Amino acid sequence: MKKIIDTLHGTIQTPAFLPDATYGAIKSLSFEDVEATGTESLVTTTLHLEQKLDHRYIKEFGGLHKFFNWNKPILTDSGGYQVFSLIYRNPNKRNAITDAGCSFVDYTSGKYQLLTPEISQIIQFHLGADIVTVLDVPLRNDASTADMKEAIKRNTEWAKRSKDKFLELHQLTEKDFSDPKIKRPLIGAVIQGGNNFDLRKQSAEELQEIGFDLYNFGGPPIHKEKNWYQNAPKGFNRELLEFVANLLPQDSVKYAMGIGSPDDIIYSSQVGWDIFDTVLPTRNARHGYLYVSKGYGDKSYEHYDVVHIRSKRYEFDEQPIDPLTPCDITKNISRAYLRHLIRTKDPAGWRIASIHNLMFYQNMIKQLQK
RNA sequence: GCAGGGAUGGCGGAGUGGUCAAACGCACCAGACUGUAAAUCUGGCAUCUUACGAUUACGGGGGUUCGAGUCCCUCUCCCUGCA
């Protein structure tokens, strides 16, 4: 079901793919570049941005849109996923998750920090986001059922507190919240429950009871290994994605966080999810992993091929990256030359590859919008 | 000419009698990455083999030893002092 999401900075047509500007930038790209890829809105994360730029600075400057000079929708993540990832991957005696929130040592500064549902809302409020996210409780992939149940309980409580803070910050009543005439940012809550269908159902029901603008799919649980997927099953549980989408009203906005590969997005879109974000196209671009049309790569997946551009096989390849992904910026660049740029770690190569991959994603999304 | 030091795999550079096909870098080959601690990470990298394994290797030649990249002799080349 195609939807138009109305935000304070324009509309978002779904399905939509939002690239991740984690530290306030899509790495190696200008916002003009980002726009050239057909990107209409983007995601940035509360925690990482806060590490580099205090939200009071952004507030003083005049908000993220002004700071970026980006006048289209911005969705902010709560920092939940990031802080949990940080805590699990960098054990420290002072890291703790309690009902109050997350306290942890920021490994970059050594500073002791606190992130609560309320603080996350305050930060996102001052950033001036169009769509905000509640601080949620992601799970470790080795969590027991008992731990998961507890996490769901806390996740719901935090969502409630987040919404309360949101209403307070915007000086709204619960009645105002449901009034379509009152313009305000949108707020999304995150459905958790790991791979447990019953817990997902419980989580979805409890969050709907509170009432949000968006319902988000909290992706695969946090993995403690450095490579999160080292020992984890590949990809997403498709059955679960369909199941969770069906727990929500058809006309509700559904945001599948962190999803995913082109195949994952196409599938998720077909079963009802509207918004997607993932680092894959941009991070992979910098690593020389390019998404191309079927028949044009060296490795084949369901709906796309991959070009490992650093490979020797492209040494004398004069073709463009993907003839079926037309782009003014990349059309005259041969695979052979891009190979050289990526191999020499030249920022120009990261830029070209990132533009291409985002273009590929946005073209795919445009097909889904038809 | 004399005295001393050194020559190790594509490169740099460990190693001083056995566990050395040789640490560690770099380069090279292949791969991974899903609400970005990711300009990162993982394999491989003498030759033959899918692998087990086998063979040839530490400037050249000769020797000591059960065993030498490691000790001795000699040759070649390079560096540093003294003439």
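Residue numbers begin at 1 in each chain, while the letters A, B, ... track the order of the sequences. A quick note: this is a predicted structure, and the numbers were derived from the prediction, not measured.
- G9(B) and U47(B): their C1' atoms are spaced 13 Å apart (whole Å).
- At the heavy-atom level, E315(A) lies nowhere under 4.0 Å from the strands shown.
- Comparing the C1' positions of C2(B) and C71(B) gives a spacing of 25 Å, expressed to the nearest Å.
- Taking every side-chain heavy atom of M257(A) into account, G35(B) is the closest of U34(B), A38(B), G35(B).
- G6(B) and G15(B) have their C1' atoms separated by 15 Å, given to the nearest Å.
- Counting non-hydrogen atoms under 4.0 angstrom, F104(A) reaches nothing in the nucleic acid.
- Using a 4.0 Å cut-off between charged nitrogen and carboxylate oxygen, K165(A) and E168(A) count as a salt-bridge pair.
- No contact: N216(A) has no heavy atom under 4.0 Å from any strand.
- Each of A32(B), A37(B), A30(B) was ranked by its minimum atom distance to the side chain of R313(A); first place goes to A30(B).
- With U34(B), C33(B), A37(B) as the candidates, the nucleotide lying closest to the side chain of S85(A) is A37(B).
- Among the nucleotides U34(B), C33(B), C29(B), the one closest to the side chain of R339(A) is C29(B).
- In summary, E118(A) and R161(A) engage in a salt bridge, as defined by a charged side-chain N under 4.0 Å from a carboxylate O.
- Residue Y289(A) is in base contact, counting any heavy-atom pair closer than 4.0 Å across all strands shown.
- When the side-chain nitrogen and oxygen atoms of K299(A) are compared with OP1 and OP2 of A30(B), none of them lie within a distance under 4.0 Å.
- As judged by a 4.0 angstrom heavy-atom cut-off over every strand, S28(A) is placed among residues making no nucleic acid contact.
- Nucleic acid contact for D77(A): base, since at least one base atom lies under 4.0 Å from a heavy atom of the residue.
- Judged by Watson-Crick or G-U wobble contacts below 3.5 Å, the nucleotide U40(B) has A32(B) as its partner.
- For the P atoms, the distance from A38(B) to C20(B) is 38 Å, rounded to whole Å.
- R343(A) has no side-chain polar atom (N or O) that falls below the 4.0 Å cut-off from OP1 or OP2 of C26(B).
- As judged by a 4.0 angstrom heavy-atom cut-off over every strand, T22(A) is placed among the base-contacting residues.
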Under the ring-ring contact (aromatic ring centres under 6.0 Å, His included) criterion, do Y291(A) and Y289(A) qualify, and how do the steps go? CA-CA 7 Å; Y291(A) 295 92; Y289(A) 185 104; 5.5 Å; yes
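- Counting all heavy atoms, side chain and backbone alike, T76(A) lies closest to A129(A) at OG1-CB, 3.3 Å.
- Look at the C1' atom in both G44(B) and U49(B): the space between them is 15 Å, to the nearest Å.
- Using a cut-off of 4.0 Å between Lys/Arg side-chain N and Asp/Glu carboxylate O, D305(A) and K299(A) are scored as not salt-bridged.
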ring-ring contact (aromatic ring centres under 6.0 Å, His included) between Y361(A) and F276(A), worked out: CA-CA 11 Å; Y361(A) 263 64; F276(A) 307 92; 9.7 Å; no
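- Note on H308(A): a side-chain N or O is less than 4.0 Å away from OP1 or OP2 of A32(B).
- Closest to the side chain of R310(A), from the set A38(B), U34(B), G31(B), is G31(B).
- Distances shorter than 4.0 Å separate some side-chain N or O of S311(A) from OP1 or OP2 on A30(B).
- With both ends at atom C1', the span from A46(B) to C58(B) equals 12 Å, rounded to whole Å.
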